[in-house]
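By convention in this document, chain letters (A, B, ...) are assigned in the order of the sequence lines, proteins followed by strands, and residues within each chain are numbered from 1. Computation of the quantities below employed the complete heavy-atom set of this structure, encompassing side-chain atoms and omitting hydrogens, waters and symmetry-equivalent molecules.
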Amino acid sequence: MLDGLNPQQRDAVVHEGTPLLIVAGAGSGKTRVLTHRIAYLLSERHVQPQEILAITFTNKAAKEMKERVDRLIGPRSKAMWVMTFHSACVRILRREAKRLGFSSSFSIYDQADSQRLMAMVCRELDLDPKRYPPRSFSAQVSNLKNELVDYDTAKDKAQTHLERTLAEAYRSYQRRLTEADAMDFDDLIMLTVTLFQLFPDVAEHYRRRFRHVMVDEYQDTNHAQYMLIRELVGVPEARTADGEPVREGREGAVEPAELCVVGDADQSIYAFRGATIRNILEFERDYPDARTILLEQNYRSTQTILSAANAVIARNEGRKPKNLWSDQGAGPKIIGYVADNEHDEAMFVAQEVDRLADDEDVTPGQVAVFYRTNAASRVFEEIFIRTGLPYKVVGGVRFYERKEVRDLLAYLRVLANPNDTVSLRRVINVPKRGIGDRAEAMIEAFALRERVSFWEGLRRADEAPGLATRSLNAIKEFVALLEDLRGKELPLSELAEEVLTSTGYRTELETSGDPQDESRLENLNELISVAQEFEEANPEGTLVDFLEQVSLVADADQIPEGEDHQGVVTLMTLHTAKGLEFPVVFLTGLEDGVFPHMRSLGEPRELEEERRLAYVGITRAQQRLYVSRAAVRSSWGSPAFNPASRFLAEVPSDLLDWRSDPQKTAWAAATVREPRRPAAPAKTGGRVIPSLSPGDRVTHDTFGLGTVVAVEGAAEKTRVKIDFGSGDEKTLLVAYAPIEKL
DNA sequence: CTGGAGGTTCTTTTT
DNA sequence: GAACCTCCAG
């Protein structure tokens, strides 16, 4: 059980009695430690499998952990709970739903659903979408829930008119959710915490059951998840989201469970969804008798790659110093490439993958391409298709986010839960059946007045005033259709097929002239085969189970499986890449404004998060790392000239081997981005903005002749430092300064 | 009620 | 350059 572990790993596996924090640098074998720890608990410490709860963030991580434990100890592992935060909470909530006023087959709303619902609520409250954007409201409510703030508290805390409006929308939104017998992603966590706090007997049940709680990627937990862990472990002290200590009234009736968390503050990249690095930094304060074990030996990458990663992350302030090391030798240098534009960059990647296959025995399956934003995947797809390179884009416009897929799922959801108003209204006129906005509004008003659900309103449509006969007939037909479908006792996949046929959805797509409809049909068939697979894997599975699984899939769950990733190049965002490793990694789009992202440039804290993202990206590579940037990149349809990413300069130059002359495109560094709308920047209108790089000679209207010393900043904010002789250097905004290039 | 024209926003990152 | 909204004619 302890074979092949280094001393620190061994300590972590056998540690006993007090809370344990494993600070696991990238590639330091943390999954190995976790799985061995579980196996050790079972075989040496006589812990029962059902007493173990191991929590991860993605299904993929959970699945991998489960498989590896299985390999160590065999089928006994089945009784353990190894799952994501969200699945674990759903499992608990389904059992106890009644206590919170939900049915056990409640729907789960993803981000798109909750945005739709929030849009409905905002319209109902008559809010001007310009001043109160529903998307922003939806995001803010999500943030509140991540901090366990309910709408009453939000209302009490509200200072401004905007905050009061938000609290109002929050209340209304939550009421609609409950009426629809639905929970959003954030509710899954928050309501589980509420459940434990409101019903001590439920909390105690789970505390008695789970004597060992393990949490992976602890640096990515938000406040709600932090509290959930506290509740599960059963420690009476906790703190609020603001860091204030609180002591709950109860004393633990059950001895606290043994807690073991694994994480790495340098890989915290989810602050935007409420993750707080404080959870890991202050673990020792939260759990006073905690032990911390550091894993610094890296088994993944060459020393060159690690040195680059160490140098970059060292620029972040206030972090605990950590130095990854490897005994694998230096390996090849990091290769840098400056492309003329994004097409050139993608072409370079494609050619390099080919070359590696020919010269270095590297297969496409060993290669990954990372980018900052999903939108960047397009160019790679175009070029890879043209060059015939096999690839798979992970995430992006996800399968389950496609319109037709959501439509079919919405039908299924309505069949499982008639109160699911968001889904019901989504499909009420899809395909077109003559129930328009007006008819829908009439029904809504009627349902509201009669205090019945929207579905009930539809069923009683003949009592609703103001409906045109034509609309009424259409509604009657629609209701009959759904009731007929609901009455059918069909296996899942056949039910899905039946929905497509009886609604006319399939016929509509088949007979339309739109070439895109062909791929829509393919997607629907794909969904039906997903349903078939589900049936085969879960003979007992219900429609509700299927819908739940579909709601909780993550991007990372779709990564091609196996060591060779089925022979294809894997393309994904840096966020999705966390936790993975590849022999060859291309880190693309290293431009200020792209990566680090434009919106982080002014914010030191966000910039540090971008840097951690860079650290995550670099440390995915095992053997070879490529870094590339494009001098010109079109975004939003118009070209942008971005300077080199500051992260490139943070990689020690002796580790980097530039494939092309960086001077070649240096001119672009200082070029001002083309104005997006010709009218917008009136001040610069008509004037030719000089593109400058260090060494250029310029003249200034008042300061006279000078030499460019440095260029910094992006786009309109590009500043140049110019030496006008006599020792005085001036920093000027290129866009406004009266300078001319000589 | 539908569909097309025209305008607007959008891009961080995700369970 | 796509996906979404709004407005208006038929």
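- For the contact set between residues 108-120 of chain A and DNA chain B, defined by any heavy atom under 4.0 Å, the members are A/Gln111.
- A perpendicular orientation is assigned to the rings of A/Tyr391 and A/Phe384, their planes being inclined by more than 60° (bins at 30° and 60°).
- Using a distance-only test at 3.5 Å, with no hydrogens or angles considered, a donor-acceptor pair links the side chain of A/Asp113 to the main chain of A/Asp110.
- Where A/Gly436 and A/Leu552 each meet DNA chain B at their nearest nucleotide, the meeting point lying more 5' is that of A/Gly436.
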Identify all pairs in which a protein N or O lies below 3.5 Å from an N or O of nucleotides 4-8 of chain C, and state each distance.
none

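- The distance from atom CZ of A/Phe370 to atom P of B/dT14 is 13 Å, rounded to the nearest whole Å.
- Both thresholds, 5.5 Å between centres and 30° between ring planes, are met by A/Phe272 relative to the base of B/dT13, so the two rings are stacked.
- Here A/Ala439 lies in heavy-atom contact (under 4.0 Å) with sugar-phosphate atoms only.
- The CZ-P distance, from A/Arg273 to B/dT14, rounds to 9 Å in whole Å.
- Checking B/dT13, C/dA2, B/dG3 against every side-chain atom of A/Thr573, the shortest atom distance belongs to B/dT13.
- If you take OG1 on A/Thr503 and CZ on A/Phe478, they are separated by 9.5 Å, rounding to the nearest 0.5 Å.
- When the P atom of B/dT14 is taken as reference, atom CG of A/Asn59 falls 15 Å away, rounded to whole Å.
- Rounded to an integer number of Å, the gap from CD of A/Glu606 to P of B/dT11 is 15 Å.
- In terms of position on DNA chain B, the residue among A/Phe57 and A/Glu440 whose nearest nucleotide sits closer to the 5' end is A/Glu440.
- Across B/dT13, B/dT11, B/dC1, the shortest atom-to-atom separation from the side chain of A/Asn374 is found for B/dT13.
- Rounded to whole angstrom, the span from the CD atom of A/Glu477 across to the P atom of B/dC1 amounts to 15 Å.
- Ring planes of A/Tyr371 and A/Phe380: parallel class, angle under 30° (limits at 30 and 60°).
- Rounding to whole angstrom units, CZ of residue A/Phe478 and C1' of B/dC1 are separated by 17 Å.
- Checking A/Arg315, A/Arg612, A/Arg319 one by one against A/Asp266, the salt bridge (Lys or Arg N to Asp or Glu O under 4.0 Å) holds for a single residue, A/Arg319.
- Between the side chains of A/Thr56 and A/Glu217, no donor-acceptor pair is found at a separation under 3.5 Å.
- Atoms NE2 (A/His343) and C1' (C/dG1) sit 12 Å apart, rounded to a whole Å.
- A/Ser551 comes within contact range of no nucleotide atom at all, as no heavy-atom separation falls under 4.0 Å.
- Per the geometry, CZ belonging to A/Phe185 stands 9 Å off C1' belonging to B/dT14, to the nearest Å.
- Candidate nucleotides B/dG3, B/dT11, B/dT14 were compared by shortest atom distance to the side chain of A/Ala375, and B/dT11 ranks first.
- Residues A/Gln174 and A/Asp150 have side chains that never bring a donor and an acceptor to within less than 3.5 angstrom of each other.
- Taking the side chain of A/Arg470 as heavy atoms from C-beta on, and the options B/dT15, B/dC1, B/dT14, the nearest nucleotide is B/dC1.
- Note on A/Arg378: only backbone sugar-phosphate atoms sit closer than 4.0 angstrom, heavy atoms only; bases stay farther off.
- Of the candidates B/dG3, B/dT11, B/dC1, B/dC1 carries the atom nearest the A/Arg438 side chain, counting heavy atoms from C-beta on.
- Counting any heavy atom pair closer than 4.0 Å across all strands shown, A/Tyr270 reaches sugar-phosphate atoms only and no base atom.
- Residues A/Ser138 and A/Gln115 bring no donor and acceptor atom of their side chains to less than 3.5 Å of each other.
- With A/Phe454 as the aromatic partner, A/Arg425 meets the cation-pi criteria of under 6.0 angstrom to the ring centre and within 45 degrees of the ring axis.
- You'll find that the side chain of A/Arg372 is closest to B/dT13, out of B/dG3, B/dT14, B/dT13.
- The gap from the C1' atom of B/dT11 to that of C/dT6 amounts to 23 Å, rounded to the nearest Å.
- Judged by distance alone, the side chains of A/Ser136 and A/Gln140 do bring a donor and an acceptor atom under 3.5 Å apart.
- Using modelled atom types and a 3.5 Å distance limit, the side chains of A/Asn316 and A/Tyr615 yield no donor-acceptor pair.
- The shortest distance between the side-chain N/O atoms of A/Thr58 and the OP1/OP2 oxygens of B/dT15 is not below 4.0 Å.
- Between A/Asn429 and B/dT2 there is a side-chain polar atom (N or O) within less than 4.0 angstrom of OP1 or OP2.
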